[in-house]
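Read the structure below first, then the notes.
Quick note on labels: first sequence line is chain A, next is B, and so on, each numbered from 1. Here the structure is a predicted model, which is why all the values come from computation and not from measurement.
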Protein chains: 2
Amino acid sequence: MTGASDRSRRVTLMDVARHAGVSRATASLVLRESPLVAEPTRLKVRDAVRELGYVYNRGAASLRMRRSHTVGLVISGLANPFFADFIEGVERELRPAGYVAFLANTFDDPERQGMLIRTLLEHQIDGMLIVAAAGSSAEIGVPPEAVDIPYVLATRPVPGVAASYVGTDNRAGARMAVDHLLGHGARRIAYFGGPEDGAARMERQAAVAERLAESESDLDPAWTVPSPVSTTDGQHVARALVSSSAPPDAVIAHSDAIAFGVMRSLRDAGIEVGTRCRVVGFDDVEQARAWSPSLTSVSVKAATLGGRAAQMLLERIRAPEIPPESLVLEPQLVVRESCGCGRDS
Amino acid sequence: MTGASDRSRRVTLMDVARHAGVSRATASLVLRESPLVAEPTRLKVRDAVRELGYVYNRGAASLRMRRSHTVGLVISGLANPFFADFIEGVERELRPAGYVAFLANTFDDPERQGMLIRTLLEHQIDGMLIVAAAGSSAEIGVPPEAVDIPYVLATRPVPGVAASYVGTDNRAGARMAVDHLLGHGARRIAYFGGPEDGAARMERQAAVAERLAESESDLDPAWTVPSPVSTTDGQHVARALVSSSAPPDAVIAHSDAIAFGVMRSLRDAGIEVGTRCRVVGFDDVEQARAWSPSLTSVSVKAATLGGRAAQMLLERIRAPEIPPESLVLEPQLVVRESCGCGRDS
DNA sequence: GCGCTTTCTTAGATCGATCTAATACAACGC
DNA sequence: GCGTTGTATTAGATCGATCTAAGAAAGCGC
């Protein structure tokens with residue numbers, strides 16, 4: 001009697017209204033906490049909802065309301081632990097605002113990204129948070145005029161796209177890393193990994209080269225090898241480069257995930273990390289602290305970044321007419337063991 | 001003229017039909033590749049779709065169809081790298097079937113899990129894939145009669161719930177780990193971490209105790225400390241236990257994430273991993289191979305597991321009447337350095 | 001009792017698709 | 001020419017909510 005149970009048709013607002021002895025419209029008002037409804041009526045409806053086990057049909061509602069309370073979350077590669085934190089930050093903002101996220105993983109493939117975005121659009125999302133696949137051209141995979149919902153780019157800027165953006169100051173982060181390594185006496189500094197045509201990688205590399213030039217050194221092009229962002233890839237890249245006759249005495253890795261792989265390859269080659277070769281990563285993921293040696297990393301506070309990106313998106317959904325804005329967070333160098341601190345200083 | 005552009009109202013199927021000079025119904029048939037439509041008509045409609053930049057409205061469609069092509073993906077803790085692989089496996093199955101996933105992260109909190117599931121249900125998902133929060137009672141957070149859609153439990157069995165389940169043979173995995181450690185001469189074996197009332201943890205712990213009993217040893221209750229599944233937590237748990245007068249000579253960690261933290265604490269306490277204390281993890285995440293020393297781990301092939309779970313869910317969505325089934329995958333011990341192999345054998 | 005607010009409720013149109021049942025139009029056999 | 005069959009198309013109802021505009025009820029002043 002009381003439970004919803006197994007009737008084939010779902011319980012609808014109409015059923016609730018009938019059961020409470022009011023109209024559909026009134027029942028609807030109660031659900032939306034409208035102040036227009038008198039207290040006794042409100043209670044009757046609430047009871048009916050409970051007794052019938054009614055479940056609100058957001059799909060039907062958003063058809064009318066033109067708002068699905070749904071956003072797309074397009075990520076370049078979930079395997080990177082950075083995104084675990086990032087997504088947590090995003091969710092923490094979305095949830096209280098009544099939004100849920102569709103997750104889409106592009107594996108850093110712009111074509112796949114286009115497909116996924118098209119699918120998300122069909123699901124009537126209200127907005128998108130995009131960590132663009134490396135090599136995304138101006139269209140982020142779909143013709144820009146087709147995307148008539150607000151979106152925010154995170155972490156990876158896409159050249160030529162005038163959308164809102166939240167990211168880190170890559171140049172500043174890279175300079176910090178180089179400065180610190182130079183302070184340790186390192187001179188032969190390499191930049192390992194990162195997607196081939198990723199904007200973040202290019203910015204950081206340029207900053208590294210620039211800083212090295214200032215101290216009359218330079219960045220050997222052979223030491224700037226792109227790679228996908230994973231530990232395994234970091235291991236491969238480093239293995240090839242480290243066995244050369246004159247290996248680098250310091251490595252800046254494009255991400256912590258890559259740095260982990262790099263450190264492993266160094267160890268395998270018999271090169272002690274922190275003394276013969278110093279390593280600095282990017283992202284400051286959770287495991288950086290626990291690794292042996294613990295990883296010095298340029299922290300970009302993934303959760304904060306995700307949170308701010310989500311805030312910005314919600315803002316734009318509320319007021320789409322505001323012009324795109326950019327937010328560049330200042331990174332911070334978290335000094336641990338892999339750079340040599342606590343060993344030689 | 002040709003582009004969709006910025007008209008305030010979205011382009012609808014009605015517009016497409018008008019533009020192509022056919023009826024709404026016909027246009028709909030074309031979109032769904034119905035063989036009923038004559039070739040010339042089909043082409044006219046296709047052109048109209050392209051010219052107007054029409055985007056299919058799945059929300060409207062599913063209202064009528066009673067199928068949203070959407071599933072919920074409820075995860076206990078994204079921070080665990082295990083789930084990166086798991087989700088990749090899930091997505092790889094869902095995508096080609098035309099499904100997208102809503103992501104929800106419960107932080108291992110049954111109450112939050114209930115809230116999230118209710119929200120997902122409101123969004124008219126067709127099914128759910130749940131990695132239950134530890135301590136989920138029989139209701140997985142919502143009254144079971146309210147959940148009238150198929151769902152599949154993954155990794156964590158929930159006692160008392162007769163739903164489909166995909167997981168690993170925890171007992172077998174635990175026995176493998178113990179066997180291997182015993183073979184190395186370890187006698188004082190601990191089981192560290194895992195959520196307090198998690199079924200997986202209990203199963204494994206029981207198996208460890210059982211196996212130890214067989215070899216006339218036993219599992220010291222003080223050495224079976226629960227903890228959340230993260231590297232930081234693993235570090236904390238181990239720090240406390242390892243500084244005792246008679247520390248264990250081997251540790252089985254509930255997950256690789258925890259094992260990483262444990263190894264760090266061992267190192268900090270001056271205990272060499274692989275000789276004075278051997279460590280085995282669970283999950284075989286990507287970083288296990290690269291860690292120093294590399295982590296011996298009971299592999300549960302997260303991506304495979306996710307994929308199978310997704311397959312099972314899709315199957316149940318297609319045919320909800322089939323009785324719940326269980327799939328228990330056999331784990332595999334991936335031997336690396338942390339157990340002492342390559343050092344003393 | 002009448003008009004005028006104020007407060008509460010509701011009928012009916014609407015969002016954008018699908019689905020059913022009906023229809024228009026050939027072609028065909030006889 | 002008539003019924004039959006088959007192919008291609010469509011009008012109109014429908015899914016389950018919201019929203020507008022209008023109606024009913026109650027309170028109040030005089």
Arg66(A) side-chain N/O to dG16(C) phosphate OP1/OP2 under 4.0 Å: yes

Pair Gln113(A)-Ser136(A), side-chain donor/acceptor within less than 3.5 Å: yes

Proximity to the side chain of Arg24(A) - top-ranked nucleotide from dC19(D), dG12(C), dT10(C): dG12(C)

Short side-chain N/O contact to dC8(C) OP1/OP2 from Thr41(A), under 4.0 Å: no

Shortest side-chain distance from Val37(A), nucleotide among dT9(D), dG16(C), dT9(C): dT9(C)

Result block: side-chain N/O donor-acceptor pairs under 3.5 angstrom for residues 302-311 of chain A, not counting sequence neighbours:
residue: Arg308(A); atom: NE; partner: Gln311(A); partner atom: OE1; Å: 3.1
residue: Gln311(A); atom: NE2; partner: Glu93(A); partner atom: OE2; Å: 3.4

Touch class at under 4.0 angstrom, heavy-atom based, for Ala60(A) against every strand present: base

Thr12(B) vs dG16(C): side-chain N/O to OP1/OP2 distance below 4.0 Å: no

Minimum-distance nucleotide (side-chain atoms of Ala61(A) versus dA17(C), dA11(C), dA17(D)): dA17(D)

Basic-acidic side-chain contact under 4.0 Å: Asp47(A), Lys44(A): no

Touch class at under 4.0 angstrom, heavy-atom based, for Ala38(B) against every strand present: sugar-phosphate

Phosphate OP1/OP2 of dA17(C) contacted by Arg32(B) side-chain N/O (<4.0 Å): no

Below 4.0 Å: OP1/OP2 of dT10(C) and any side-chain N or O of Thr26(A): yes

Side-chain (Arg58(B)) to main-chain (Ser68(B)) donor-acceptor, under 3.5 angstrom: no

